[in-house]
Participant: 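The structure under discussion is supplied below as structure tokens; questions concerning it will follow.
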Protein chains: 2
Amino acid sequence: METRIEEYTVGELAKAARISVRTLHHYDAIGLLKPAHVAANGYRLYRRAEAERLQEILFYRATGMDLAQIALVLDGGDDRLDRLQAHRAKLDADAKSLAEMIQTLDRSIAVIKGDPPMALEDLYKPFAPETQADYEAWLVQTYGPTMVDEIAKAKEHLANADMEDRIDQLRQIETGLVQAYQEGQARPDALLDAHRDWVSEMWGNACPPAAYGGLAELYRNHPDFLARYEALAPGFSRWLPDAMEAYVAGLT
Amino acid sequence: METRIEEYTVGELAKAARISVRTLHHYDAIGLLKPAHVAANGYRLYRRAEAERLQEILFYRATGMDLAQIALVLDGGDDRLDRLQAHRAKLDADAKSLAEMIQTLDRSIAVIKGDPPMALEDLYKPFAPETQADYEAWLVQTYGPTMVDEIAKAKEHLANADMEDRIDQLRQIETGLVQAYQEGQARPDALLDAHRDWVSEMWGNACPPAAYGGLAELYRNHPDFLARYEALAPGFSRWLPDAMEAYVAGLT
DNA sequence: ATCGGGCCTCACGTGGCGTGAGGGTCAAGC
DNA sequence: GCTTGACCCTCACGCCACGTGAGGCCCGAT
């Protein structure tokens with residue numbers, strides 16, 4: 001009873017690792033995992049070294065790494081750590097955009113369900129809790145802390161009764177903008193003037209073009225605004241920031 | 001001066017929507033967005049209705065929805081809400097698996113950096129904070145609250161000095177298992193007997209086969225365990241749960 | 001000799017486009 | 001009226017990680 005060297009066929013290895021035979025063929029084809037040798041009949045034969053390498057491959061695959069990167073991590077030189085951290089950064093970015101998608105979708109679902117689409121009052125009085133943080137971060141980064149303080153002061157001047165009036169004004173401006181969008185107007189500059197004035201008053205009588213452009217960016221990316229403007233008319237949430245930026249560009 | 005009906009060519013629409021012409025061709029090809037009509041020269045011509053539909057498409061695309069689903073959401077009947085919620089559920093699942101990937105990868109990076117790979121003491125004394133929650137949730141779901149209480153009681157009997165001894169024992173068992181793995185042993189039953197005994201004592205002298213199998217599942221999925229066992233030997237983190245389950249299956 | 005279950009090599013399909021190749025169309029300037 | 005350059009068109013292959021046959025060889029058991 002002679003002891004053969006321990007070797008696995010594709011089927012055996014695939015079963016042990018709970019993957020498909022095709023996957024092993026694929027890894028062979030792209031050079032990621034070659035069999036220890038190929039028998040005369042063409043059969044691929046793997047040994048323990050290959051089985052271990054396969055497990056490593058699957059471990060990294062389970063973290064979402066693509067096969068080319070896995071090959072580099074396993075065979076590359078000293079920069080394993082760099083590559084892993086690069087991958088880690090990518091996962092972070094993915095997680096971030098996923099979180100944004102979820103928020104946007106949630107708002108949309110709420111709107112369709114008939115829940116009030118995040119009342120204007122909440123968006124602007126002064127700003128919703130989550131919105132507030134993003135918004136202030138952006139303000140500070142762009143204009144420094146002074147601006148934020150000024151806005152805070154300006155807001156205190158607005159009594160509640162005033163606020164309702166102002167919200168009504170904004171609603172009218174927005175209705176006009178939606179009409180402009182639906183009629184296909186290219187440059188609703190008069191309405192945007194009014195909008196910028198409105199924002200300006202909210203910000204303590206200052207809204208330089210760059211700030212208005214920044215606000216466009218905020219509208220484009222923030223789930224609360226996105227869902228609210230999308231609810232006004234399909235496509236409006238994407239049109240408005242574009243129009244705002246075109247308007248800013250036109251302010252010579 | 002006759003007023004032509006407002007129409008956009010592919011290039012104009014693409015530029016306005018900040019997408020590529022190819023994308024419009026693609027949407028036409030799959031029937032997601034057809035031009036209002038095609039001119040005699042073969043040019044695609046879009047009107048405002050199509051422009052709005054495009055904006056809707058892009059809005060949903062930005063939430064990660066695939067084109068077939070978008071078509072259903074836009075053209076389908078009353079089940080818009082269902083489809084949106086189904087998509088929402090998928091995003092949740094994605095987010096969950098992404099979070100697991102990130103944790104696993106983080107542990108691995110920490111190990112490579114030379115940080116202690118999450119000390120055994122922390123994993124088992126009694127359990128790390130995060131691990132604890134998952135673990136208890138699983139225990140409760142599987143065995144009911146009684147079991148959890150019993151384990152808590154059993155743990156109190158273990159003084160700190162005892163604990164160090166026990167950790168040493170576990171380390172020896174694990175070293176043996178790693179050897180078994182690297183030598184390609186198919187059924188390291190004796191070692192797994194020892195391991196189950198060890199676990200059993202931790203759990204107040206009870207570790208039925210099903211519970212041991214459940215532990216295998218925990219090892220297979222939990223980032224802390226994954227990274228720790230992967231650190232012992234490449235591939236070991238995947239081999240061990242398999243071996244544990246085979247062992248359980250063999251307990252007739 | 002036959003049968004069932006491996007193993008092999010093509011080779012196309014998936015999704016959402018990118019990126020040419022090769023060729024018609026249109027407004028403007030000469 | 002002719003050229004130029006910026007549009008437009010239709011194929012058609014490439015990407016990534018395999019799934020899923022199709023068609024055929026190999027091997028041990030009956």
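A note on names: the letters A, B, ... follow the listed sequences, proteins ahead of strands, and every chain is numbered from 1.
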Participant: Taking Leu105(B)'s backbone N and O only, do any of them form a donor-acceptor pair with Arg88(A)'s side chain (distance below 3.5 Å, no angle check)?
Facilitator: no

Participant: Please confirm whether the backbone N or O of Leu32(A) pairs with a side-chain atom of Arg53(A), one donor and one acceptor, at under 3.5 Å?
Facilitator: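 Checking the backbone N and O of Leu32(A) against the side chain of Arg53(A), a donor-acceptor pair under 3.5 Å is found.
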
Participant: Just one of Glu7(B), His25(B), Glu50(B) clears the side chain to side chain donor-acceptor pair (under 3.5 Å) bar with Arg44(B), so which one?
Facilitator: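 That would be His25(B).
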
Participant: Separation of His37(B) atom NE2 from dC8(D) atom P, in whole Å?
Facilitator: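 His37(B) atom NE2 is separated from dC8(D) atom P by 15 Å.
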
Participant: Measure from the side-chain N and O atoms of Glu12(A) to the backbone N and O of Thr9(A), and report whether any donor-acceptor pair falls under 3.5 Å.
Facilitator: yes

Participant: Respond yes when some side-chain nitrogen or oxygen of Ser20(A) is under 4.0 Å from OP1 or OP2 of dG19(D), and no when none is.
Facilitator: yes

Participant: How many Å lie between CD1 on Ile19(A) and P on dC18(D), as a whole number?
Facilitator: 8 Å

Participant: Please check the phosphate of dC8(D) (OP1 and OP2 only) for any side-chain N or O of Arg44(B) closer than 4.0 Å.
Facilitator: no

Participant: Under 6.0 Å from the NZ atom of Lys15(A), do we count more than 12 heavy atoms belonging to anything else shown?
Facilitator: no

Participant: Give the residues of residues 49-71 of chain A touching DNA chain C, defined as any heavy atom closer than 4.0 Å, sorted by residue number.
Facilitator: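 Listed by number, there are none.
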
Participant: If the plane angle is over 60° it's perpendicular, under 30° parallel, otherwise tilted; pick one for Tyr212(A) and Tyr247(A).
Facilitator: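 Taking Tyr247(A) first and then Tyr212(A), their aromatic rings stand perpendicular (interplane angle over 60°).
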
Participant: Look at the side chain of Arg48(A) and the backbone N and O of Gln182(B), then say whether any donor-acceptor pair between them is shorter than 3.5 Å.
Facilitator: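 Yes.
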
Participant: Let me check the geometry of the helix from dA1(C)-dT30(D) to dC30(C)-dG1(D). What is the bend angle between the axes at its two ends, five pairs each, to 10°?
Facilitator: 40°

Participant: Between Tyr27(A) and dC18(D), is there a contact of a side-chain N or O with OP1 or OP2 at under 4.0 Å?
Facilitator: yes

Participant: Would you indicate, yes or no, if dC18(D) has its OP1 or OP2 atom less than 4.0 angstrom from a side-chain nitrogen or oxygen of His25(A)?
Facilitator: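 No, outside the criterion.
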
Participant: To the nearest Å, how far apart are Ile30(A) CD1 and dC15(D) C1'?
Facilitator: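 In whole Å, dC15(D) C1' and Ile30(A) CD1 are 13 Å from each other.
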
Participant: Are Glu217(B) and Arg220(B) within salt-bridge range, i.e. N to O under 4.0 Å?
Facilitator: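 Here Glu217(B) pairs with Arg220(B) in a salt bridge, since their nearest N and O are under 4.0 Å apart.
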
Participant: Between dC8(D), dT10(D), dG19(D), spot the one nearest the side chain of Thr9(B), thanks.
Facilitator: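 Comparing dC8(D), dT10(D), dG19(D) against the side chain of Thr9(B), the answer is dC8(D).
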
Participant: Main chain of Thr63(A), side chain of His87(A): is a donor-acceptor contact present, judged purely on distance under 3.5 Å?
Facilitator: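 Side chain of His87(A) to backbone of Thr63(A): a pair is present.
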
Participant: Please give, in whole Å, the distance from dT20(D) P to His26(A) NE2?
Facilitator: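 That distance rounds to 15 Å.
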
Participant: Hey, does the side chain of Arg238(B) reach the backbone of Ala17(A) with a donor-acceptor pair shorter than 3.5 angstrom?
Facilitator: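 Indeed, once roles are kept as given, a pair shorter than 3.5 Å links the two residues.
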
Participant: Between atom OH in Tyr8(B) and atom C1' in dC7(D), what is the gap in whole Å?
Facilitator: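 That distance rounds to 19 Å.
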
Participant: Map Glu12(A) and Arg22(A) onto DNA chain C by nearest heavy atom, then report which one ends up closer to the 5' terminus.
Facilitator: Glu12(A)

Participant: Run the numbers on Asp242(B) and Trp239(B) for side-chain contact (heavy atoms from CB on, under 4.5 Å), then give the verdict.
Facilitator: CA-CA 5 Å; Asp242(B) 283 359; Trp239(B) 177 86; 5.7 Å; no

Participant: Starting at the 5' end of DNA chain D and moving along, which residue's nearest nucleotide shows up first, Asn41(A) or Gly11(B)?
Facilitator: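 This one resolves to Gly11(B).
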
Participant: So where does chain B start and stop touching DNA chain C, 5' to 3', when the test is distance under 4.0 Å to a non-hydrogen atom?
Facilitator: dG16(C) to dC26(C)

Participant: Anything under 30° is parallel, anything over 60° is perpendicular, the rest tilted; go ahead and classify His195(B) against Tyr219(B).
Facilitator: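 Plane angle between 30° and 60°, so tilted.
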
